[in-house]
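A short write-up of the structure that comes next.
Worth knowing before you read on, the calculation uses all heavy atoms, side chains too, and leaves out hydrogens, waters and symmetry mates. As the structure lists them, so they are numbered: ligands from 1, and atoms in each ligand from 1.
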Amino acid sequence: MTRSFTNRVFRFAPSSNGYLHLGHAYSALLNFDMARAAGGRFLLRIEDIDIERCQSEFEQAIYEDLGWLGLAWETPVRRQFEHFSEYASALAKLSAQGLTYPCFCSRGEIMLAVTGRTGWPRDPDGSPLYPGICKHLSREEKQRRISAGRRAALRIDMEAAIAKAGRGLAWREMGHSAQTREVAAEPSLWGDTTLSRKDIPASYHIAVVVDDALQGVTDVVRGEDLFLATSLHRLLQALLDLPAPTYRHHALLRDASGQKLSKSSRAKSLRALRQDGVSPAALQERLSSVPILAGGP
Ligand code: GLU
């Protein structure tokens with residue numbers, strides 16, 4: 001049989017802030033299988049910008065666990081930690097367009113400003129939308145605070161960004177049957193979200209958009225918990241003039257009580273399953289019989 005090769009590029013991008021669990025195995029295998037079926041490439045990316053929580057021990061465990069599962073990926077592996085200068089360039093490009101502003105607020109100040117305002121909207125991650133405290137600081141005031149050594153996060157000016165990108169922003173979403181549909185992006189859900197933090201010079205959102213573009217990723221296959229983040233990613237791609245991949249947001253694995261598996265809910269790790277004597281074949285068999293494979297979103 002002749003195999004048709006394409007230029008499609010898939011990636012699995014775990015954060016090295018804990019051990020991988022069954023949900024990661026599902027996502028990694030889905031990417032790997034889709035890449036193989038398309039005659040495309042499969043990349044692994046370590047998302048380790050969160051300097052406080054990411055550890056090299058977890059990174060090593062990712063390599064071990066994925067190798068044990070039978071996956072192979074291209075090397076060298078991109079580690080976000082080594083690319084802060086590229087994220088800084090993207091942020092500078094947005095700032096040069098007048099689409100960002102520094103924010104000196106603490107979390108406490110923001111909470112105080114929104115407390116008592118019933119029905120104050122929250123972003124898809126559950127944080128209150130930024131109430132705009134630092135948005136209209138004068139140039140002199142910003143300078144004064146910076147000179148006084150106050151650290152600032154960088155926020156997107158969402159109103160200006162949407163005006164700049166124009167209406168009709170959408171992405172291609174692939175369903176289970178490989179049909180694609182257009183999804184209208186709704187970046188305003190995120191308000192003036194942060195693009196860099198006081199302690200970390202890039203947010204997940206800016207890093208992922210820059211990385212996917214620099215790595216030539218054509219297909220982003222990831223959990224549906226990131227579906228709403230794609231609106232923001234699509235906006236950043238448009239503003240930075242980056243290509244838009246096709247997305248597929250797959251359903252998440254849940255435990256018996258319906259809770260999604262997560263590192264924070266202490267889902268059993270792949271290495272614990274391995275220590276229990278589970279084989280990669282048994283694990284793949286188990287994943288192929290869970291309902292998420294039968295009907296993606
Ligand atoms: N690093 C993210 C996570 O571990 C995934 C990001 C992505 O696939 O875009 O949940």
Side-chain angles (χ1 to χ4, degrees), residues 8-32 34-35 41-55 58-59 61-63 65-66 69 71 73 77-84 87 90 124-126 171-174 183 185 187 190 193 195 197 200 202-237 242-254 259-267 269-270 292 296-297:
R8 285 170 70 182
V9 181
F10 294 74
R11 81 336 182 242
F12 175 58
S15 304
S16 51
N17 58 4
Y19 293 119
L20 301 185
H21 53 64
L22 216 49
H24 295 108
Y26 171 71
S27 197
L29 283 164
L30 184 59
N31 271 285
F32 184 74
M34 287 181 74
R41 297 165 57 200
F42 172 70
L43 310 179
L44 172 64
R45 181 167 77 226
I46 303 295
E47 304 220 319
D48 55 357
I49 48 172
D50 190 342
I51 319 162
E52 301 254 294
R53 294 165 65 217
C54 292
Q55 293 175 23
F58 294 133
E59 180 184 339
I62 290 172
Y63 302 139
D65 292 347
L66 297 181
L69 271 176
L71 304 193
W73 53 90
V77 166
R78 185 176 171 96
R79 299 160 72 217
Q80 290 187 325
F81 184 69
E82 295 167 343
H83 296 275
F84 279 117
Y87 310 139
D125 285 343
W171 78 82
R172 279 184 316 279
E173 176 77 23
M174 188 189 287
V183 179
W190 291 90
T193 194
L195 298 178
R197 293 183 359 192
I200 304 177
S203 71
Y204 155 68
H205 301 296
I206 196 78
V208 79
V209 159
V210 169
D211 286 344
D212 284 338
L214 289 178
Q215 293 192 288
V217 171
T218 58
D219 291 77
V220 173
V221 178
R222 59 185 179 190
E224 66 184 354
D225 51 340
L226 289 168
F227 186 86
L228 295 175
T230 304
S231 281
L232 178 57
H233 298 176
R234 190 60 206 97
L235 174 69
L236 294 173
Q237 286 155 358
L242 301 175
T246 296
Y247 288 85
R248 176 168 175 190
H249 294 91
H250 61 74
L252 301 174
L253 256 67
R254 296 183 184 275
Q259 281 281 91
K260 73 170 187 174
L261 299 189
S262 69
K263 289 169 186 160
S264 51
S265 72
R266 306 210 175 280
S269 65
L270 293 182
I292 51 168

N or O contacts of ligand 1 with protein under 3.5 Å, please list pair by pair.
unit_1	atom_1	unit_2	atom_2	d
ligand 1	1 (N)	A13	O	2.8
ligand 1	1 (N)	S15	OG	3.0
ligand 1	1 (N)	E47	OE1	2.7
ligand 1	4 (O)	S15	N	3.3
ligand 1	4 (O)	S15	OG	3.3
ligand 1	8 (O)	R11	NH1	2.8
ligand 1	9 (O)	R11	NH2	2.9
ligand 1	9 (O)	Y204	OH	2.9
ligand 1	9 (O)	R222	NH1	2.9

Can a donor-acceptor pair be found between the side chains of H249 and T230 at a distance below 3.5 Å?
->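 Checked: H249/T230 side chains pair up, N/O donor to acceptor below 3.5 Å.
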
Just checking, is any N or O donor in the side chain of T246 or R172 under 3.5 Å from an acceptor N or O on the other one?
->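 Checked: T246/R172 side chains pair up, N/O donor to acceptor below 3.5 Å.
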
Under 3.5 Å, sequence neighbours excluded: what are the donor-acceptor pairs made by side chains of residues 12-19?
unit_1	atom_1	unit_2	atom_2	d
N17	OD1	K263	NZ	2.6
Y19	OH	E57	OE2	2.4

Just jot down the salt bridge (charged side-chain N to carboxylate O under 4.0 Å, His left out) partners of R45, sequence neighbours excluded, or say none.
->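 Scan of R45 (salt bridge (charged side-chain N to carboxylate O under 4.0 Å, His left out), adjacent residues dropped) gives E47, D211, D212.
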
Is the CZ atom of F84 crowded by more than 12 outside heavy atoms at less than 6.0 Å?
->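 Buried by this count: over 12 neighbours within 6.0 Å.
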
With sequence neighbours left out, what residues match H24 under ring pair (Phe, Tyr, Trp, His ring centres under 6.0 Å)?
->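 With neighbours one apart ignored, the set is H21.
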
